[in-house]
Structures are given as C-alpha cells and as structure tokens.
Amino acid sequence: MTRVSYDFKSIQCKWQDELAGFSVSNAEILSSKDACYILEMLPYPSGKFHMGHVRNYTIGDVVARRKRMEGYKVIHPIGWDSFGMPAENAAMSNGNHPRKWTVSNISDMAEQLRCFGYMYDWKREISTCSAEYYTQEQKIFLDFYKLGLVYRKRSYVNWDPVDQTVLANEQVIDGRGWRSGAVVEKKFLEQWSIRITAYAEGLLAGLEDLRGVWPDKVLKMQENWIGKSSGAIVNFKLVESDENIIVFTTRPDTLFGASFIAISPDHKIAKRLAQTDDTVRNFVDECSRMSTTEEAIEKAEKKGIFTGLHVRHPVMPGEVLMVYIANFVVIDYGTGAVFGCPAHDERDFEFATKYGLPIIPVIDTEDPLPYVGDGPHINSQFLDGLHLDEAKERMILYIEELGIGHRETTYRLRDWLVSRQRYWGCPIPIIRCPKCGDVPADSPVLLPDDVEFDGKGNPLEKHPTWKYVKCPRCGEDAIRETDTLDTFFESSWYFLRYLDPQLTTPINMEMERAALPVDLYIGGVEHAVLHLLYARFFMLALRDAGYVSGSIPFKALLTQGMVTHKAYKNNAGEWVYPSDVVRDANGNMIDGSGNPVTEYPAEKMSKSKKNVVSSESIIDSHGVDAVRLFTVSDTPPEKDFEWNTDALDGAVRFLRRVWKVFSTLSSSREQHGNTILLKTTHMYIKQISEKYETNSLNKVVALLREFFNEIEDNVETEDEGSLLSAFETFTKMLYPMVPFICHEMWAMLGHTTKISDEPWPQYDEKLAAVETVTIAIQVNGRMRGTFTVEKDADDELVIQRAFEALGDKYDRSSAKKIFVVQNRIVNVVL
RNA sequence: GCCCUUGUGGCGGAACCGGUAGACGCAGCAGACUCAAAAUCUGCCGCUCUUUUGAGCAUGGGAGUUCGAGUCUCCCCGAGGGCACCA
C-alpha cells in the first residue's frame, strides 16, 4: 500500500466535483417507493457563510449520504431565500441593484457549499427572487384570494420605524421588530392579511400528528401561540341606551361575582365618548401613547375612568354595574371588553380595590382573595355547591337559554399580515380599480428593474409608469398594488417547488404525493412559530385550493442549536478576537497590546463581539473533513455547540490516525477463520446504525472512535484480510461524515466503484450478539465487585459464582434475600 | 406572573426498561523518542482517607418509594427558553 501522508488539500481538490451533487430524477422517484426527502432550511444569501450554516448543512448532508447508502432515492435540494431587506438596504448604501447584489452573493455561497462537499441535487435549485418562482407564488396568492383567505382592511398594525414597513404579529419579539430590533409602533393602516385564523383549529389538531417527531418544545410553542381558550360570549345591556357591551369570558361560572365592566380605550364606545368628553379623550390618548414593550407593561399601573354608563346584570335582574374604560383591556383579544370579577381574578382585584368597587366571592375558599382556583360555588343561586367545570357548563346553558350569550372559543392567533412597503419582494398581484375595487391581475406581475433607491418609502410607489395599468375587468385606468409580500410567504412553500422547479404551474401534485411530507427537516429553533407555523398553514390552505393532497409539510423536525464561542473584552471595553488573547507571565489573560482581558461566557457567534470563526480560514488550516467531523462530534445536534479549537485539532488527529492505519493495510483479502475483529465489526454495525437512525451523531462519532480503537489495537495480531475487511466496514460508516478522505481511501484500496455507491453495512444477529457478560455484585446495595459469566446463565449458577467472587467474607446462608437481574447484577441482602 | 426544558469530573458529553455512574473526546500529569522542541506513542486522570489492597463520599439541595435511584414521586434552588394587562 502507498505510504503517503494524509494531505487533506490534495484530497479535497481531487474529489470536489465527485462530491458536489447527486441527482435523482422525478421519474426514478415516481417509479420507486423509496423516496426520502431530507431538507435543511434554505439560506438567505447574505454572502456570509457562517458556522451556523456549516452545522446545519453538515448535519443534513450526513443524514442524506447515509440514507442514500441505505438505498433510498434521496431528495436533497438547496435554494435561496433571496427576497428581503438586506438586498434593498445594500442598494441604498452602495447603489448596487438588489438583484445584482443577490445574484453575486448566491454564487459566492454556492461555491462555499461545494467546498464543504455537500451533496445537493443542483438540478432542483431555486431562488425565490426569480420570476419563475414568484410568479407561481402569485397564482397561489390569487387562489387563496378566491377562497376568501386574503383580505385587505384598515386596522392597528405593527410598524417597524427602521425597516419602514409593517410586520406580522409573529415578527414582533418583545415589542421589537424581529430583524431590525427597533421598538414597534402601532399604526392604523390599510393592509393585506391572510386568514390564518380560519385554520386555528386545524393547526392545533395538526400538532397531534407531530407529537414524538417534532421537538416537544416547538409543539408547545405553537400551541401557546395559537392560544385556544374556551368560554362564553355574554351581552350586557346598557341602561342609558339600547346598545350592548359584548364580553368574552373563560369564567362564565363567576358571573354572579361580576362587579364592573371594563372596556378597552380602543373600544367603539370609548372612542365615541372621547369625541364629546375631554376627560375621556385625555385618558384614551394617554393609553394610546403607552408603550407596548414588555417592561412598560410590567410597570404600568392599572388605571381606568368611569364612563358614566351602566349595564344591567344579565343574570341578576335589578342589579346594575358601572362601565369603566381601563388601560389593561386590549382591543385585539376577545371582544375588547371584560366583566370584572375581583374576588377571582388578580387584575380585577387590583382594579376594584383601587376604585372601591364591590368584591363578591362566589367560590368558597380559605385562601386569601383573589382566589383563581376551583372550589364549591357560593352566592351564585343555581350554581351553589357546584365545582368549576360543571358551573361553567350550567351557566353557558343558562345564558344560551336566556338568549343573552353563547358558548365561544377564541384564539390568541392573529391573521397573518403579509403586505410590506418594500421593493425587493413578490408583488401582490392585485389591481385597484376605482370602479371595480380590488381585481386580481390577469397576468404575472413582474418587478420592474429600473427603480431608484433613495431610502424614502417604497420605490414601486414612486416608479413613473409601473403602477399605472388598465383594469382587467372594466378596462378603465387603475393602479397596481405596490405592496410586496412578506418574504415568509416564499419560504412557506419552497419545499414543494423543489419537487419540480421548472413546472409552469406551482406544484407537481404527483411528486407531492410521492415525496411529501419531508422525512427530516433541519434548521434553527428560532423559526418555531414563524416559518414552521406558516408552512403548516400553507399545506392546509393549499390542500383546500387543490394543490396538494397531504396536510403535513415536515414529518420529522430536528432543530439544531446555535454555534457559540467565548467572547473576550479588554479593560478599554473593546471586544478582542479569541485568537489574540494570550497569557502573561502570571497566567493572566491579556490582549496583543498587553491590556488585561475578561472572558465572557460562550454566546452565539457575532461579528460585533468578535467571537466569530471564519469557515474559509478553518478549512484552510484543518481541512473540510476535520471541520465536518468536529461539528457533529461531542455535542448532540439539538444543543448549542461551543466552538473549541483544541477539539477541532483532535478531529484532525483522529483522521491522521485513520490514515496511518489505512496506509499499513495489505491488499490481501485472505482471511483465516473466525477472528475477533469480525465479531467486533458486527457489534459496531448494529450500534452505529441505531445511533444514526436517531440522528444522535455525537454518539455515532463516539462509537466510530471506539470501533477504530479496536481495529488499531489489533493491527499487529489480526490476519491481513480480516483487518482489511474491518477497516473497510469502518470506512463505510465513517463516510457520511467525512466523505473526502473516505472516497480517497476507498479508491486507493483498489475499488473501482465509489464508496458513495456502497450499500450500508448489514450485521449478522449471531455475530453481533454478546457472548459473555460482566455481572456486578452488590451487598446490601453496595458495589462489592464483578465477575464474568456467559450470557443468559441461569440464576443459580450466577449466585454461586457471585459468592465465589466475594470470597470468605460472605456466607450464602446468612443472606436474607438474593436479587438476580439476568446479565446485570446480583444483590445480596444480609 | 404562567408554561416548558434543563442541572452528571476542570470542559463537551455517555449511561437500554430503576441494576457496575463518568463511554468517547478535550484539557491536564508522567514517561518514551529527541541535543531540544513540535509531532507521535505508552500510562495515569471524580473527590477524600489509605502503602498496595481497600474504605468512605459523589449526578444542583432536601426528603420519599425501592433489595437497589443520575433515572420514579414531592418540596426547594440555579440556568435557559416561550408566552404575557389574553379576560
């Protein structure tokens, strides 16, 4: 065998093209029953390929390569989420057109992906900013429109003052824009929305199908986001007029404890009063100025103002309740009005105490008020003595009987606001005609290229000609909608487009039946309620629009953790690159100029903290295989991964050792009898396959290293053929993680076929079986030694051997009881 | 405030269904090779006492169930995440 040293650079060069991709045609997929769709969240082409990408795509590639060896027709596509703000911002700062900027970034990033040896089907590549993609999306949009799932209305919306656009609820995190981080303002604007709330129940039910295959955390987050609550609607009649105040409650059982009504400052009655009453107007204005950030809400005092109005108690004739406008009642949940039951609600209690309102207990309890738990009802006429669930039920039936209310379920989920006042997005294909109203565009709406970026407003709005069109219905002058779609719209269905990216209709349904749901979807957990909720909604809506047959986009989900690194700051308050931190003579950390440095705990890699590691420099110094191996070693995929250059060195060291053993192998395949390594090999095939199956890649690496240690230990003693055979099996199982070195070794071992075409190793149950086991001996539950015995030996023999091993110190006759767990333990109780 | 997850050596992490805690690595220590260093190889490596042998203590803390608990139950503490004037 050739004895050249491990030179990762030449190996990378040699196999780059070989590894760059595998294509499986639709014909192959449709004719076989073994499609396996492995997908990683598509990247935004920022131009920067960071360690988060490396981790995400390495995990996906390892899984895809192994599935392919297992004989599946693997669909493993890649594409570009290429609409969005950064391209437009770049255009504003350097005058480069967003398309040019985007295309050039895509080519840079595609090159990086090739460098890492990721196996993609490049024939399926898509870019969401291409007309082929977004014009198909417009068809979907219009079909949703026809189904009544799209509407335009004026309402309070989240306005991001930095990105100069509105945002969906899901995109506001702690009162700030998800991308810009700016405090979101409330504006009353006319915007396009998607009726995702129509699918609230379906989205909730769909979570049940994903239990066990999606992380519990994600299911829980979506469940909370949808926020179903059941209760009742109750009408309270105003004393002063014929009007009603409609209230939603989850506690109709406490209706007899009602002592006031509170309406939102944005409630129509509050607004009407504000027109004539200065005190009310001042109060309403004050509330609208109130910040909606978390901290502000935390601190805000419960405040209210009496309207002068009263309502009749719906179930206690003769009783009258005062109506307040209160700052804690929000307009966009329930009906924007509540009844206050201070005895059994903390907020109502605070309010009632402040304004001297009655506190009427209706649940018998020893606990101090407010008491929100269950208990027998009191002061509640026909509910007296009943507990929570039954009391609720009886009250709902009662108000339904009286015709003053009904059972009601509400959701926290809001409709998805999808219009954005930006250029670089999919144009909303609607034409606004003064005569006909909103009319669907009769042909695809292309983004014009000749636009100006001066940073003020939407360039489409200011384009001299683009928006002026004739109405497709009446032929009169009309204008195009100049808003574009939220970019989450594109990522909500791209996994369907990969199945047939050139098709002249949006989705190839035959392929959808064959390939969906995606078998494994890999990406960051930050999309738990954004992208992952929208994609689930899309499947439901697309099914109703006749585009797909299934309802689940992703069968299994793996949310990988962040890549983190320690950060360092010097005494001047500047962040310092980890590589610039050294230790002085006293062992204290200092930077290059000798300033003392403080270490900060590992955090997500970010340029501003200088704790980034560039993928280019690291593959240059350590090689792609080592980086790939390292990123799947040690840490489970779903946990945060702390970058550690020493451990990366360890990965290189391991590959060198592998190479060293490889270069001493003989080409002889002659084997002499039943060897130790044969059994070892089968045991490891079994274990490693199992760990791959659950995507426990860190455990796969540990087992591969154990297996290799065994091979290495037997280099001198095993016959050449057995050694070679064990090593080849090892190489096949190592290959999905480090494809470059494995391709090279496989070829040099004299194979004319490629390792990527090898079938996954199978094990023989008999050979993989353990023959002897080590049994632990305990006396009164304390470890007192071990002994070995053949597997499945009967208890009597095991007990005998245990006492032999214990020696003279213990006598069997003095044992009160002896517990034997087969193949594991003997516990002698004295 | 509510909900969820989580806590194991100096570090990342293993440990099937309650049955030998610490696999596999990283760091560290000692030795071999070397003029020396690096690389490589060999050995050690939870803590305390002990000459070896061994004994005791150890999975955030405290109780409990059990022959036996990292694993199950209850209480408390810490960390991370989600939601939030949600009626």
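Here is the naming used below: chain letters follow the sequence lines, and residue numbers restart at 1 for every chain. When reading the values below, keep in mind they use all heavy atoms of this one structure, side chains included, and skip hydrogens, waters and symmetry mates.
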Choose from [options] the nucleotide whose nearest atom is closest to any side-chain atom of [X].
X: Lys660(A); options: C86(B), A55(B), U40(B); answer: U40(B)
X: Pro636(A); options: A39(B), C83(B), G13(B); answer: G13(B)
X: Ser229(A); options: G13(B), G12(B), A87(B); answer: A87(B)
X: Arg653(A); options: A55(B), C26(B), G19(B); answer: C26(B)
X: Arg824(A); options: C86(B), C16(B), A14(B); answer: C16(B)
X: Val821(A); options: A55(B), G13(B), G19(B); answer: G19(B)
X: Arg347(A); options: G56(B), C86(B), A21(B); answer: C86(B)
X: Trp225(A); options: A55(B), C83(B), A87(B); answer: C83(B)
X: Arg656(A); options: G56(B), U40(B), A87(B); answer: U40(B)

Could you pull out all residues at least two apart from [X] that satisfy salt bridge (charged side-chain N to carboxylate O under 4.0 Å, His left out)?
X: Arg628(A); value: Asp61(A)
X: Arg412(A); value: none
X: Arg782(A); value: none
X: Lys303(A); value: Glu286(A)

Using the 3.5 Å cut-off, write out each protein N or O paired with an N or O of nucleotides 6-11 of chain B and the distance between them.
none

Does any nucleotide pair with [N] by Watson-Crick or G-U wobble geometry, both distances under 3.5 Å, and what is it?
N: C44(B); value: G28(B)
N: U6(B); value: G78(B)
N: A58(B); value: none
N: U52(B); value: none
N: G1(B); value: C83(B)

Q | side-chain hydrogen bond (donor to acceptor under 3.5 Å, both in side chains) partner of Arg251(A), the single match among Thr249(A), Asp253(A), Thr254(A) | A | Asp253(A)
Q: Name the nucleic acid region contacted by Gly227(A), choosing base, sugar-phosphate or nothing; use a 4.0 angstrom heavy-atom cut-off, strictly under.
A: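 Here Gly227(A) touches no strand at all.
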Q: Under 4.0 Å between any heavy atoms, over every strand shown, what does Lys220(A) touch: base, sugar-phosphate, or nothing? Just pick one.
A: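 Sugar-phosphate, no base atom in range.
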Going by the rule side-chain hydrogen bond (donor to acceptor under 3.5 Å, both in side chains), which residues pair with [X] if we only count those two or more places apart in sequence or in a different chain?
X: Thr786(A); value: none
X: Lys354(A); value: Glu301(A)
X: Thr694(A); value: Ser696(A)
X: Thr58(A); value: Tyr118(A)

Q.
On the six-membered ring of Phe654(A), is Arg705(A) placed so that its NZ or CZ lies under 6.0 angstrom from the centre and within 45° of the ring axis?
A. yes
Polar atom pairs between nucleotides 64-67 of chain B and protein, under 3.5 Å, N or O only, would you list them?
| unit_1 | atom_1 | unit_2 | atom_2 | d |
| --- | --- | --- | --- | --- |
| C67(B) | O2' | Asn827(A) | ND2 | 3.2 |
| C67(B) | O2 | Asn827(A) | ND2 | 2.5 |

So does [X] pair up with [Y], basic N to acidic O under 4.0 Å?
X: Glu712(A); Y: Lys660(A); value: no
X: Arg211(A); Y: Glu223(A); value: yes
X: Lys9(A); Y: Asp7(A); value: no

Q: Considering only atom C1', compute the distance from G1(B) to U73(B) and round it to an integer number of Å.
A: 26 Å
Q) When rounded to the nearest Å, what value does the distance between C1' atoms of U42(B) and U50(B) take? A) 28 Å
Q: Among Ile688(A), Ile711(A), Leu734(A), Thr681(A), find the one that has a side-chain contact (heavy atoms from CB on, under 4.5 Å) with Thr729(A).
A: Thr681(A)
(Q) For RNA chain B, which residues of residues 700-710 of chain A approach it to below 4.0 angstrom with any heavy atom? (A) Ala702(A), Arg705(A), Glu706(A), Asn709(A)
Hey, what are the protein-to-nucleotides 58-60 of chain B N/O distances that come in under 3.5 Å?
none

